[in-house]
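Here the structure is laid out as structure tokens; the discussion comes afterwards.
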Amino acid sequence: MNIRRVLILAPHTDDGELGCGATIAKMIRKGIEVHYVAFSSCRDSLPEGAEPDCLIKEMHSATAVLGVPSENVQCLDFQVRHFEDHRQEILDSMIRLNQEIKPDLVFTPSVHDIHQDHLTIANEALRAFKKKTILQYEVPWNNYTFDNQMFFCVEEQDVQKKVDAVRSYHSQAGRDYVKEEFLKGLLITHGVQIGHQYAEVFEIPRLIVEENDLL
């Protein structure tokens, strides 16, 4: 595939790193332009005493670890757990992003994700980016089901960058899914499925193959 510019849609800060952090690191290593957009800073979900913008700061630290330029990272201000109430505004934001960034490939959560915010982003992305290739990333603790339709092979250095990026979210340190053994274990499991050391998996709701991709 002739991929030059990629857009990561994260419902909340950290979702992009958790879902496809190693893939992001590898794409940047290969010279692909990556843009990262979170739709909420999750102020309402912060631990007591945390600074209101701490997740925004942690997001910038995490994406910098992956290699995403700071000017390609932004955080919108939708209220966590209330995305469904703002579907049209979210869709309008995505249409604007599509016009401004013009991505070749868009990463989103899965339509099988049971978190209400994640599902809203997944569904609205199918509308906003219906003329783009879309890959949906895995969030196992929210997925009742997930089809491993695409395996993206990554290397040790990419895996370590994902682990280090997720570690940048100090406010989320107590959660089971940010632990290094879980993150690496999942990548190893998917690697075993295809005879590779590490892999991240994706569902494919939309795949566009252009003429130049076949050359």
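Small disclaimer: the values here were computed from a predicted structure and weren't measured.
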Discussion item. So which atom in F107 and which in L105 form the shortest heavy-atom distance, rounded to 0.1 Å?
Written reply: CE1-CD2, 3.6 Å
Discussion item. Strictly distance-based, threshold 3.5 Å: is any side-chain N or O of E203 a donor or acceptor partner for the main-chain N or O of D147?
Written reply: yes
Discussion item. If you define the side chain from C-beta out and look only at heavy atoms, does anything of H35 sit under 4.5 Å from P103?
Written reply: no
Worksheet item: Between N142 and H118, is a side chain to side chain contact (heavy atoms under 4.5 Å, CB included) present by the stated rule, with each step listed?
Response: CA-CA 9 Å; N142 286 341; H118 292 208; 3.6 Å; yes
Fill in: side-chain contact (heavy atoms from CB on, under 4.5 Å), paired with E138, selected from H190, E200, H112
H190
Worksheet item: Between E84 and R87, is the closest basic N to carboxylate O distance under 4.0 Å?
Response: yes
Worksheet item: Which atoms form the tightest heavy-atom contact between L9 and P11, and what is the distance?
Response: O-CD, 3.8 Å
Discussion item. Under 4.5 Å between side-chain heavy atoms, counting indirect links through other Ile/Leu/Val/Met/Phe/Trp/Tyr residues: same cluster for I8 and Y177 or not?
Written reply: yes
Discussion item. Would the distance check show the side chain of R4 and the main-chain N or O of D104 forming a donor-acceptor pair, the cut-off being under 3.5 Å?
Written reply: no
Practice prompt. Answer whether the closest heavy-atom distance between the side chains of Y169 and V178 falls below 4.5 Å.
Written response: no
Worksheet item: Can you name the nearest heavy-atom pair linking A122 to T108, along with the distance?
Response: CA-OG1, 4.3 Å
Discussion item. If only side-chain N and O atoms count, and only distance matters, is there a donor-acceptor pair under 3.5 Å linking D44 with Q79?
Written reply: yes
Discussion item. Checking the side chain of E58 only, and the main-chain atoms of S171 only, is there a donor and an acceptor separated by less than 3.5 Å?
Written reply: yes
Worksheet item: Y198 pairs by side-chain hydrogen bond (donor to acceptor under 3.5 Å, both in side chains) with which of E156, K162, E155, K26?
Response: E156
Response to the item:
Correct closest heavy-atom pair for G16 and Y137 would be N-OH, 4.2 Å
Discussion item. For M94 versus F129, what's the shortest heavy-atom pair and its separation?
Written reply: O-CZ, 3.5 Å
Worksheet item: Can you tell if the side chain of I28 reaches within under 4.5 Å of the side chain of V68, non-hydrogen atoms only?
Response: yes
Worksheet item: Would you say R43 has more than 12 foreign heavy atoms packed within less than 6.0 Å of its CZ?
Response: no
Fill in: F83 ring center near H115 ring center (under 6.0 Å)
no
Worksheet item: Is it true that a side-chain atom of N143 and a backbone atom of V139 form a donor plus acceptor pair closer than 3.5 Å?
Response: yes
Worksheet item: Is the shortest heavy-atom distance from the side chain of Y36 to the side chain of M59 under 4.5 Å?
Response: yes
